[in-house]
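To start, the structure under review is shown below, and the notes come after it.
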Amino acid sequence: MLLTATASAVLMLLQQAPAEGTDWDAEFGVEVKERDPVTGEIPVEPYAQSNANAGATPYDSAGLARDFGGREGIARIAARTVDLSEADPRIAAIFAAHDMVRLKRTLGEQFCYLLGAGCDYSGRDMRTAHAEMGVTKADMNALVENLQTAMREAGVPFAAQNRLLAKLAPMSGQVVER
Amino acid sequence: MTSIPSCLLALAQAAAVPVAPLPAEPPQIAYAPVLDAEVETAPTQRALQPVRTATAFDEDGVQTGKPRLFKGGKLLLTNGISTVEGSSGGGIARWATIAGRQMPGGVGLSAHATAVELPDYGWRSYGVAVGFGDRLELSVSRADFDTRDVGAALGIGQGYTFNMDTFGAKLRVAGDVVYGASWLPQIAVGLEHKRSRDGALVRALGAADNESTDFTLSATKLVLARSVLVNATLRYTEANELGLLGFGTAAGAGYDLQFEGSLGYQLSRRAVVGAEYRSKPDNLGLGDDDWMDIFAAYALTDHLTLTAAYVDLGSIATFSDQRGGFLSAQVAF
């Protein structure tokens with residue numbers, strides 16, 4: 001007993017400090033995902049791209065797209081929604097480990113596609129995109145409120161806001177997990 | 001026993017031989033520069049914030065074990081407006097919505113006070129409802145119906161006030177008022193057990209009983225594409241004037257199927273205007289009319305909703321054209 005304890009003490013004293021500048025990521029096999037230098041997005045596993053992934057059929061109304069400020073306005077609203085949600089203590093944790101650059105783009109594309117503003121949706125389908133996030137209905141409500149804030153700030157009429165929500169609300173079954 | 005001296009020797013040697021040359025500069029603590037560095041991303045900043053002290057009454061609401069009490073989370077106005085019978089609804093019609101602002105796993109509370117001023121009568125009701133998740137609502141309310149001068153005319157006394165207690169329960173069985181398939185409304189079944197506190201008088205008026213239970217089936221959906229809320233409720237009831245004048249008749253008239261419908265238009269997150277219709281039986285032959293209203297509701301804060309309505313309650317106890325104002329305040333957590 002005493003022998004073992006002493007021997008371990010000796011071994012500990014004899015240990016060398018690791019060399020400075022050790023590449024710990026390499027030592028532990030951590031892969032660092034590099035952001036794409038052009039898009040600034042972290043690459044994802046390949047998947048079949050399709051507008052069907054957007055989860056609903058688009059509106060065919062030039063007036064509705066105009067209410068949202070066209071493609072640019074829609075992209076701004078999507079980005080603002082993501083920013084508000086990332087700063088929202090109710091749901092911020094869900095976004096902590098996610099690529100916000102990519103989310104802003106794909107969310108913008110989805111809104112743009114659904115509103116009939118002439119975009120294609122290149123993101124994943126709703127079930128895959130939200131898999132294992134543990135999203136609750138309360139989280140969904142918080143996101144809806146942030147989207148409503150973003151749309152209100154952009155001056156989108158309330159009835160038009162609801163028309164976008166009308167496309168998104170039926171997707172809750174694919175998003176809410178618990 | 002010889003091992004101890006040898007170990008001591010090894011220790012002494014280990015102590016004598018410097019393992020590594022002592023650094024000339026002060027030792028670096030590995031984590032210090034990390035904490036001092038500028039933290040860019042919001043998630044990292046939040047992670048580094050000190051954990052606040054948890055109390056039973058912190059900003060997350062009262063915490064007692066698993067259920068989340070009064071934590072809220074519901075979208076504005078989707079808890080409905082308390083009906084005159086204390087349930088979540090649209091003022092006079094019962095909806096399939098669950099009272100309180102709680103989400104699944106939470107417990108919420110709702111309280112209301114309503115006043116209706118009519119040419120010949122005054123109505124006051126107040127009550128509380130507890131909501132359990134998006135599943136169950138339990139409510140209790142009291143209605144006071146002041147007959148004013150009519151009381152004297154009917155010979156029951158000037159300002160005679162009818163009182164009624166309502167104990168309600170409502171269970172959501174399917175659907176969601178906002179989410180899910182647009183064709184599937186939120187559907188709820190429920191009951192309202194009512195006790196008139198004027199037993200002798202309502203029997204004298206011809207009612208069979210002073211207590212009874214209404215059974216309801218409600219479907220409610222917010223049609224977002226049109227910003228319209230639609231509600232339909234079937235009520236199986238034998239109540240005379242909601243039960244203020246007792247239930248059924250001594251002559252044998254009893255349960256009957258009645259309809260309550262609501263249409264609302266959402267002007268903003270906080271404002272909704274609409275109209276309601278509620279059919280009622282006329283068992284006592286006193287000209288008990290169907291009720292109608294047009295209403296405007298405004299969520300002043302997340303917790304306080306005010307409702308004003310113009311109501312047409314038709315004839316009540318043979319006094320016709322009872323049209324007037326309806327004011328209601330609802331506090332919900």
Side-chain angles (χ1 to χ4, degrees), chain A residues 2-7 9-17 19-20 24 56 59 64 83 85-90 92-98 100 136-142 144-145 148-149 151-152 157-176 178, chain B residues 1 3-4 6-15 17 19-20 23 28 30 41-47 49 59-60 68 71-76 78 101-106 133-134 176-184 221-228 265-271 302:
Chain A
L2 189 60
L3 179 65
T4 333
T6 322
V10 169
L11 279 171
M12 283 172 77
L13 279 167
L14 289 173
Q15 278 207 18
Q16 294 286 323
E20 283 196 27
W24 291 110
Y59 286 111
L64 187 59
D83 285 339
S85 300
E86 208 184 352
D88 183 340
R90 294 175 295 179
I94 298 173
F95 298 92
H98 287 91
M100 293 297 113
T136 66
K137 207 194 270 182
D139 299 331
M140 187 111 170
N141 281 355
V144 167
E145 287 175 4
Q148 286 178 321
T149 303
M151 292 189 291
R152 191 167 62 242
F158 189 73
Q161 295 182 23
N162 270 353
R163 293 187 76 190
L164 175 59
L165 295 181
K167 289 289 181 191
L168 303 176
M171 299 177 197
S172 63
Q174 283 109 62
V175 173
V176 174
R178 61 196 177 102
Chain B
M1 290 306 286
S3 64
I4 293 175
S6 67
C7 282
L8 284 177
L9 185 66
L11 273 175
Q13 281 173 346
V17 179
V19 173
Q28 293 280 326
T41 59
T44 318
Q45 282 177 337
R46 278 192 304 276
Q49 272 169 8
E59 63 184 16
D60 288 343
R68 297 148 149 242
K71 204 165 180 297
K74 232 176 235 188
L75 292 173
L76 276 176
T78 57
R101 302 200 67 246
Q102 75 289 344
M103 294 305 292
D134 58 352
D176 188 292
V177 70
V178 180
Y179 295 119
S182 43
W183 52 265
L184 179 67
K221 189 73 179 180
L222 176 59
V223 184
L224 281 163
R226 300 263 173 279
S227 297
V228 166
Y265 182 78
Q266 234 191 334
L267 295 170
S268 76
R269 281 177 70 220
R270 297 187 178 277
D302 286 355

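Each chain gets a letter, A, B and so on, in the order its sequence line appears, and its residues count up from 1. Hydrogens, waters and symmetry mates play no part in the numbers below; they use all other heavy atoms, side chains included.
Proximity of A:Val144 to B:Tyr179: side-chain heavy atoms (C-beta onward) are separated by under 4.5 Å at one or more points.
In this structure, no portion of B:Gln102 lies under 4.5 Å from any heavy atom of chain A. In this structure, no portion of A:Ala142 lies under 4.5 Å from any heavy atom of chain B. Contact of A:Arg90 with chain B is not made at all, since no heavy-atom distance falls under 4.5 Å. Looking at B:Leu184, neither its backbone nor its side chain comes within 4.5 Å of chain A, counting heavy atoms on both sides.
Residues of residues 161-169 of chain A lying under 4.5 angstrom from chain B, judged on non-hydrogen atoms, are A:Asn162, A:Arg163, A:Leu165, A:Ala166, A:Ala169 by number.
With rounding to the nearest 0.5 Å, the separation of CG in B:Asp176 from CE in A:Met140 is 9.5 Å. Between the CG atom of A:Asn141 and the CZ atom of B:Arg101 there is a distance of 9.0 Å, given to the nearest 0.5 Å. The CG atom of B:Leu76 lies 8.0 Å from the CD atom of A:Gln148; values are rounded to the nearest 0.5 Å.
When all heavy atoms of A:Ser172 and B:Gly180 are compared, the closest pair comes out as OG-N, 3.1 Å. Summarising the geometry of B:Ser268 relative to A:Phe158, their closest heavy-atom pair is C-CZ, 3.4 Å, with the distance given to 0.1 Å.
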